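Taking it in order: structure first as structure tokens, then the write-up.
In this chain, numbering begins with 1 at the start of the sequence shown. Computed from a predicted model, the values in this text were never measured in an experiment. The figures that follow rest on heavy atoms only: side chains count, while hydrogens, waters and symmetry mates do not.
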Amino acid sequence: MENRRLFTFLLTSLLFLWLWGSVLGPKFFPPPKMKPAVVPVANDPKLPVAKIPVANAVGAAAAVDVPVAGETVVIPDHPTSKVSLGSLDPASGYALQVELTTAGAAIDSVSLTSPQFRDLQRRLEQATIVGNTNTGDRTFSTAVIAIDKQLAAHNQSLESANWKLVDHQAGDDSSIAVFEYDAPDGTLRVRKSYSLPRLKLTGKDLEQAWRLNPSFYTVQVTLEIINLSAAPRTVDYEIQGPVGVLLENEEHTSKYRDIHIEFVGDAKAATLAAATVKGYCDDLDEELLRPATPAEQRAELREDHEWTSAIRYAGVDVQFFAALIAPLDDRSPDDRLEKKWLDRTYPVLISANAVEARKSDVSIRLASSPIILNAKGEGDSVTHKYAFFVGPKRSELLDPEPLAATQVLNFGWFGIVARGMLFLLGGFFNFGMPYFLAIISLTVLVRGCLFPISRKQAISAARMKELQPQIVAMKEKFGDDKEKLAKAQMELWRKNKINPLAGCLPLFLQLPIFIGLYTALNSAVDLRLQSFLWIENLAAPDALFRLPFEIPLFGLGRDFSILPLCTVVLFLVQQKMFMPPAQDEQQAMQYKMMNIMTGVMGFMFWHQPAGLCIYLSLIHISEPTRLRRISYAVFCLK
């Protein structure tokens, strides 16, 4: 009876969550629709101007000031070029290779150096984490509205114009590149510097740095705005966040691109899925009765879906990697909150996926507060520094300041357990075990720790089985009088010193361990591209071969995987071999539900990493019945 109620509760909860997320919530509680706002652009009182309609740096339509005919305005014409910081050579002492372009003085791409991080499709190449896009958007392109107003008349912007490369050198400790751009009227200069650290390490020391040193994966970006005029100026700027963050294994990944932001002070952290950003833009299309332009989309998102608290970091993450920007502000938290560098941070839609919104490419933009610059001389410039982290999602890399990115490393309700399991998995690997053997060792360790609980439950189950004939006799004696039957059962259990909850209590004691293990193995970047037998990637389904057609069930895709089928067959065989025949209608119903659950679990396992399937299969061999209940509960909670 208790088992049937447990299964009924789990099935009902899963059905309700699905109905709420896909039907009830969107229909009865839709997000409010807002009209796109027009952002005013401040005029420059020093120039004779004429009004022309253009799109400003943040995409809002506005009338801006440009010099009238007769004024001498020189549009800089710098050559197009690209430079690199770092290297893909593992012996170079770098963890990254950063490709920079003079167009917007921006980052074209960022790739990881460690041989561990090969591209899933092109195994001889390193994975490119940032820059996987066909759009014109570039990471860390910078808009300064006072300059963009002047460039608008020439169909240019500071984010697309070529900057002047004034310095590029590689030293023993770092590589640097410096870009500059002068306003056409000669009143402002913008200087942007990139610096990538280099460590003089080799062998095991270098490998440890790749695993443990967050500064190794951090590009320092310095933005300086200088007033070259004889009058005070008020300026502001916007920075484009990471563009084209790598979305790999799209068919099976458990996580798509998410925007993550955590704030200084007590403001609640925010997470925004790509599908949600796409939904905001779709709502705007419906309101306008036509497809919104990128400028209109950004204006809508800037004014109606922004975050205005001082950020600790903001960026985009996927299943195994993250690209995060953190202001390097040395002031106290109170000062950072009172005088914010950034007025707002808001999401942007880089490219939409019309078929699956969750696969859309999204990013963030950082908009500064107004900055007052004194006339040329003392106090005529402002300098803001940012740390740009691009790397694997390991706690050793994301926990330290300035990121302290706990939201990115969100292991769920039982995060402590998940972190502990990842620590043990890494410990086994550091002892020299390959990861498949580390998973087996972790299985043995967990089963050993849970043995006292399992033993106690087995003893309780044996006693309950011995009393089963007496319980059947009580049912015949009391018939439909459930109250007397319940009292008689409780009295029988009391006399034999049996706790009726003893069978369920171990389940709930072990549930946090299994959920933590599921989360840990599902997000362990170190399982990526680790092989075992025919399995080439323990962090993805084993995918024995690719089918010429898509399996027409529950979005299973084209990959044919063996492990989920082996797990289901193992469940069914063990049930036939070890489960006694049903003694009554209730037990027959329980067996029927377990068969249904086995089939459901097979579908759920289809997209799970091979490493997780190996672990669950090993656990099931040691204790099939309880694992089936726990595994199903894990997937329901997920």
- Item | Listed once per pair and sorted, the salt bridge (charged side-chain N to carboxylate O under 4.0 Å, His left out) pairs that draw on residues 315-324, sequence neighbours left out | Lys255-Asp317, Asp317-Lys393
- Query: Would you say the side chain of Thr271 lies within less than 4.5 Å of the side chain of Ile259, judging by non-hydrogen atoms?
  - Reply: no
- Taking only residues two or more places apart in sequence, or in another chain, which ones meet Gln169 in a side-chain hydrogen bond (donor to acceptor under 3.5 Å, both in side chains)? Asp167
- Item | Closest heavy-atom pair and its distance - Val525, Phe320 | CA-CD2, 3.6 Å
- Message: For Ser332 and Asp334: C-alpha separation, side-chain torsions, deciding distance, then whether side-chain hydrogen bond (donor to acceptor under 3.5 Å, both in side chains) applies.
- Response: CA-CA 5 Å; Ser332 68; Asp334 290 340; 5.3 Å; no
- Could you list all the salt bridge (charged side-chain N to carboxylate O under 4.0 Å, His left out) pairs where at least one residue sits in residues 368-389, not counting sequence neighbours? none
- Is it the case that Tyr313 and His260 place a side-chain donor and acceptor less than 3.5 Å from each other? no
- When rounded to the nearest 0.5 angstrom, what distance separates CD in Gln208 from CZ in Arg211? 7.0 Å
- Hey, are the side chains of Val390 and Val219 touching, using non-hydrogen atoms and a 4.5 Å cut-off? no
- Message: I'd like to check the salt bridge (Lys or Arg N to Asp or Glu O under 4.0 Å) partners of Arg118; sequence neighbours left out, ordered by chain and number.
- Response: none
- Task: Decide yes or no for Leu247 and Lys359: does some side-chain heavy atom of the first lie under 4.5 Å from some side-chain heavy atom of the second?
- Result: yes
- Task: Would you name the heavy atoms of Gly186 and Leu228 that are closest together and state the gap between them?
- Result: O-CB, 3.4 Å
- Message: If the threshold is 4.0 Å, N to carboxylate O, is there a salt bridge linking Arg257 and Glu356?
- Response: no
- Do Tyr217 and Pro392 have side chains that get closer than 4.5 Å, going by heavy atoms? yes
- Message: Using 30° and 60° as the class boundaries, would you call the ring planes of Phe216 and Trp210 parallel, tilted or perpendicular?
- Response: parallel
- Between Asn162 and Thr102, is any side-chain donor less than 3.5 angstrom from a side-chain acceptor? yes
- Task: Can you sort out the partners of Asp236 under salt bridge (Lys or Arg N to Asp or Glu O under 4.0 Å), two or more places apart, ordered by chain and number?
- Result: none
- Nearest 0.5 Å, what's the CG-CZ distance between Asn249 and Arg528? 9.5 Å
- Message: Using the side-chain hydrogen bond (donor to acceptor under 3.5 Å, both in side chains) criterion, which residues pair with Ser193? Sequence neighbours excluded.
- Response: none
- Message: Do Leu328 and Pro402 have side chains that approach each other closer than 4.5 Å (heavy atoms only, starting at C-beta)?
- Response: yes
- Could you tell me whether a side-chain N or O of Asp148 sits under 3.5 Å from a main-chain N or O of Ala143, the two making a donor and an acceptor? no
- Would you please say whether a donor-acceptor pair under 3.5 Å links the side chains of Tyr256 and Ser360? no
- Message: Checking Asp173 now: which residues fulfil side-chain hydrogen bond (donor to acceptor under 3.5 Å, both in side chains) with it, not counting sequence neighbours?
- Response: none
- Message: The criterion is salt bridge (Lys or Arg N to Asp or Glu O under 4.0 Å); which residues satisfy it with Glu396, sequence neighbours excluded?
- Response: none
- Set of residues satisfying salt bridge (Lys or Arg N to Asp or Glu O under 4.0 Å) with respect to Arg191, sequence neighbours excluded: Glu180, Glu224
- Query: Do Gln240 and Ser141 have a side chain donor and acceptor closer than 3.5 Å?
  - Reply: no
- Query: Tyr181 vs Trp163 aromatic rings, parallel, tilted or perpendicular, using cut-offs 30° and 60°?
  - Reply: tilted
- Item | Enclosure of Leu212 CG (heavy-atom neighbours >12, cutoff 6.0 Å) | yes
- Message: Strictly below 4.0 Å, N to O, side chains only: are Lys339 and Asp335 in salt-bridge contact?
- Response: no
- Note on the structure: When rounded to the nearest 0.5 Å, the distance separating OG1 of Thr308 from CZ of Arg344 is 7.5 Å
- Would a 4.5 Å heavy-atom cut-off, applied to side chains only, mark Glu262 and Thr406 as touching? yes
- Message: Any non-hydrogen side-chain atom of Thr133 less than 4.5 Å from a side-chain atom of Ile350?
- Response: yes
- Task: Quick one: which residue pairs count as a salt bridge (charged side-chain N to carboxylate O under 4.0 Å, His left out) with a foot in residues 128-146, not counting sequence neighbours?
- Result: Asp108-Arg138, Asp137-Arg298
- Message: Listing request: all ring-ring contact (aromatic ring centres under 6.0 Å, His included) pairs with a residue in residues 130-149, at least two apart in sequence or in separate chains.
- Response: Phe140-Phe388
- Any side-chain donor near an acceptor of the partner, Tyr346 and Glu238, under 3.5 Å: yes
- Item | Closest non-hydrogen atom pair between Leu324 and Val316, with its separation | CD2-N, 4.1 Å
- With distance as the sole criterion, is a donor-acceptor pair present between the side chains of Ser109 and Thr128 under 3.5 Å? no
- Message: Ignoring hydrogens, what is the shortest heavy-atom contact between Thr345 and Ala314? Give both atom names and the distance.
- Response: CG2-CB, 4.3 Å
- Query: Salt bridge check: are Asp526 and Arg394 linked by an N-O gap of less than 4.0 Å?
  - Reply: yes
- Message: Looking at every heavy atom in both Leu301 and Val277, which two are closest together, and how far apart are they?
- Response: CD1-CG1, 4.4 Å
- Residue pair Ala273 / Asp258: nearest heavy atoms and the distance that separates them: CA-OD1, 3.3 Å
- Item | Any donor-acceptor N or O pair under 3.5 Å, side chains Thr187, Arg233 | yes
- With sequence neighbours left out, the residues meeting side-chain hydrogen bond (donor to acceptor under 3.5 Å, both in side chains) with Glu99 are Ser84, Gln97
- Query: In Å and rounded to the nearest 0.5 Å, what is the OG to CD1 distance from Ser157 to Ile145?
  - Reply: 12.0 Å
- Message: Would you compute the distance between atom OG of Ser175 and atom CG of Leu196 and round it to the nearest 0.5 angstrom?
- Response: 6.0 Å
